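Remarks on the structure that follows.
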Amino acid sequence: MRTRTHAPKPVAGTAPADPTDPPVAHRNPGGGRHHAARRGRVRRRGGTRGTDRPWMDVRDLWTEALAGVLARPVRSALTTLGTVLGITTLVITIGVSATAGNQIVGRFDALTATSVTVVVPPPPRSADPVPLVDWSGVDAVRRLAGVDSAAAIADSQQTASVQVRANDVVAPGDVTGRTMAVLAASPTLPAAVRGRMTAGRFFDEGDITRHERVAVLGDQAARLLGINSVQNSPAVFLRGQSYTVIGILGGAEREQQISTAVILPPTTATDQLGLGAVTRVLINTALGAAQQVARQAPIALAPGAEDALTVTAPPDLTKARKGVQGDVNGLFLVLGLVSLVVGAIGIANVTLVTVMERIGEIGLRRALGASRRQVAGQFLVESTTIGLLGGVVGAVLGMVVVVAVSAVKDWTPVLDVRLALGAPVAGALVGLLAGLYPSLRAAHMEPVDALRS
């Protein structure tokens with residue numbers, strides 16, 4: 001400890017007023033100074049002469065505090081462990097929540113944020129109704145920038161429940177008929193619904209041009225009708241007409257009701273069932289292009305009548321990402337703050353116990369000239385040092401855990417640099433706040449009482 005004192009020349013034979021007063025510096029006739037304290041320094045406040053409060057150099061304060069921390073390494077390590085756990089939990093919760101939120105938004109982007117649906121109203125009732133959207137309009141949509149795939153679908157209330165049979169033989173007690181939806185679609189439907197052909201093929205432009213009576217079944221519809229293969233050209237019967245099954249469509253991620261439907265070429269559906277008007281257009285876009293395509297698709301499908309079409313587009317990705325991450329971060333942040341408060345309570349308890357155990361040391365320092373400010377500063381620096389060490393170790397452990405969890409889950413870790421830099425600061429602040437009461441209690445101890453205890 002360094003002290004700085006300056007006092008008038010004492011009168012010979014006069015004893016110090018109190019044993020706790022700071023040492024007095026004597027000026028010898030040669031002009032030099034003899035200090036009672038070995039490393040004392042003189043500080044003048046406001047240019048006035050007289051006795052100033054002794055003060056401790058910042059380096060000496062840090063040295064004394066570090067020595068106090070290292071004097072009891074096991075206790076200091078256990079005290080630091082509370083802050084380490086709190087900071088680690090805080091970093092893990094925020095890091096994992098940000099990573100999980102990004103993963104959730106990524107999945108949302110892949111499945112939903114690239115899907116646009118255009119709903120076409122039915123044509124007006126007239127002798128020769130003209131549909132708003134023609135089947136060839138899908139080609140114009142596919143030429144738009146950002147469109148990956150598109151397909152048109154035609155359905156109606158009359159064909160939503162049609163009796164479908166796997167053969168035309170009606171045997172007593174043998175249930176071969178099922179009620180299913182029948183719809184017409186363009187040849188690009190498998191890509192538009194993100195499905196795949198599990199058997200056979202989908203009808204093409206040649207089948208549409210020739211008005212072929214062929215059909216493609218959804219995978220669930222095929223299972224209900226007992227059709228597992230198309231090698232023997234099975235047939236299904238709709239309203240007394242047979243249709244050759246040429247393929248089975250499965251794995252549809254969009255329009256999942258297609259899995260239980262019978263799909264016909266547009267020309268065949270128009271001839272046999274009257275399904276000639278397009279009712280929906282399914283569009284898949286590149287990531288980030290959904291909003292632009294949603295504005296342009298109605299114009300490409302029905303120039304001059306685009307206001308009559310209804311477009312369903314996903315919300316803006318930026319708002320969705322902020323919303324998901326904000327909700328997840330808010331939940332986990334509360335858990336991290338609770339852990340941090342627990343660590344602060346641990347530091348406060350151990351620092352208070354340390355103060356009570358070092359009453360004799362505090363009394364001795366006060367008797368040798370240490371001020372209340374110096375005593376309080378020493379214990380504050382000790383608790384702040386413990387919090388800082390806990391913050392550094394906790395930040396490192398937290399980031400390691402976040403990276404490990406991301407590697408196990410095959411996620412992309414999201415680590416905020418501000419979090420890594422702010423965790424040690426947060427630990428130091430927790431240590432500072434936790435050491436306030438113990439430091440003030442140590443500073444208000446009277447030297448005589450402390451020495452007697």
Side-chain angles (χ1 to χ4, degrees), residues 104-123 130-155 183-198 201-209 216 218 247 249-259 261 263-267 269-270 275-321:
I104 292 172
V105 173
R107 291 184 178 180
F108 171 79
D109 293 345
L111 297 178
T112 307
T114 58
S115 300
V116 176
T117 302
V118 180
V119 179
V120 183
V130 178
L132 288 175
V133 176
D134 189 73
W135 289 95
S136 60
V138 178
D139 297 331
V141 172
R142 286 202 299 265
R143 289 193 293 268
L144 296 177
V147 174
D148 291 338
S149 59
I153 294 177
D155 54 10
L183 52 88
S186 56
T188 54
L189 182 67
V193 297
R194 296 188 178 98
R196 66 185 186 282
M197 299 302 300
T198 59
R201 64 177 181 87
F202 206 81
F203 47 80
D204 53 21
E205 293 292 343
D207 297 321
I208 296 175
T209 303
V216 175
L249 175 63
E253 297 180 3
R254 292 186 62 183
E255 300 289 329
Q256 296 183 358
Q257 66 271 18
I258 290 179
S259 62
I263 309 166
L264 303 179
T267 52
T270 302
L275 287 177
V278 176
T279 56
R280 281 174 297 161
V281 178
L282 308 180
I283 306 172
N284 293 322
T285 70
L287 189 61
Q291 296 295 325
Q292 176 181 345
V293 172
R295 293 190 298 267
Q296 298 176 352
I299 301 175
L301 289 171
E306 61 272 8
D307 294 336
L309 306 182
T310 303
V311 182
T312 303
D316 184 60
L317 297 182
T318 303
K319 296 181 180 179
R321 180 178 289 105

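Note that the coordinates shown come from a computational prediction; the quantities given were computed from them, not determined experimentally. Numbering of residues begins at 1 and proceeds along the displayed sequence.
- Minimum interatomic distance between L275 and A154 (heavy atoms only, all atoms of both residues): CD1-O, 4.0 Å.
- Considering only residues two or more places apart in sequence or on other chains, T310 meets the side chain to side chain contact (heavy atoms under 4.5 Å, CB included) condition with V119.
- When the side chain to side chain contact (heavy atoms under 4.5 Å, CB included) test is applied to T279, the partners found at least two apart in sequence or on another chain are D155.
- Partners of T188 according to the side-chain hydrogen bond (donor to acceptor under 3.5 Å, both in side chains) rule, which considers only residues two or more places apart in sequence or in another chain, are S186.
- Applying the side-chain hydrogen bond (donor to acceptor under 3.5 Å, both in side chains) criterion to R201, with sequence neighbours excluded, gives D207.
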Side-chain donor-acceptor contacts of residues 138-145 below 3.5 Å, not counting sequence neighbours, with atom names and distances?
from : atom 1 : to   : atom 2 : distance (Å)
D139 : OD1    : R142 : NH2    : 2.3

Evaluate the criterion side chain to side chain contact (heavy atoms under 4.5 Å, CB included) for residue pair L183 and I263; output intermediate values, then yes/no. CA-CA 5 Å; L183 52 88; I263 309 166; 3.9 Å; yes
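- For the side-chain hydrogen bond (donor to acceptor under 3.5 Å, both in side chains) condition, no pair includes a residue of residues 293-307, sequence neighbours left out.
- With sequence neighbours left out, A294 forms a side chain to side chain contact (heavy atoms under 4.5 Å, CB included) with V116, V311, A313.
- D148 is linked by a side-chain hydrogen bond (donor to acceptor under 3.5 Å, both in side chains) to nothing, counting only residues two or more places apart in sequence or in another chain.
- Nearest heavy-atom pair across I208 and P187 is CD1-CG, 3.4 Å.
- Of all non-hydrogen atoms in F203 and V216, the two that sit nearest each other are CD2-CG2, 3.8 Å.
- Residues meeting the side-chain hydrogen bond (donor to acceptor under 3.5 Å, both in side chains) test with E255, sequence neighbours left out: Q257, R280.
- Residues satisfying the side chain to side chain contact (heavy atoms under 4.5 Å, CB included) test with S149, not counting sequence neighbours, are A191, N284.
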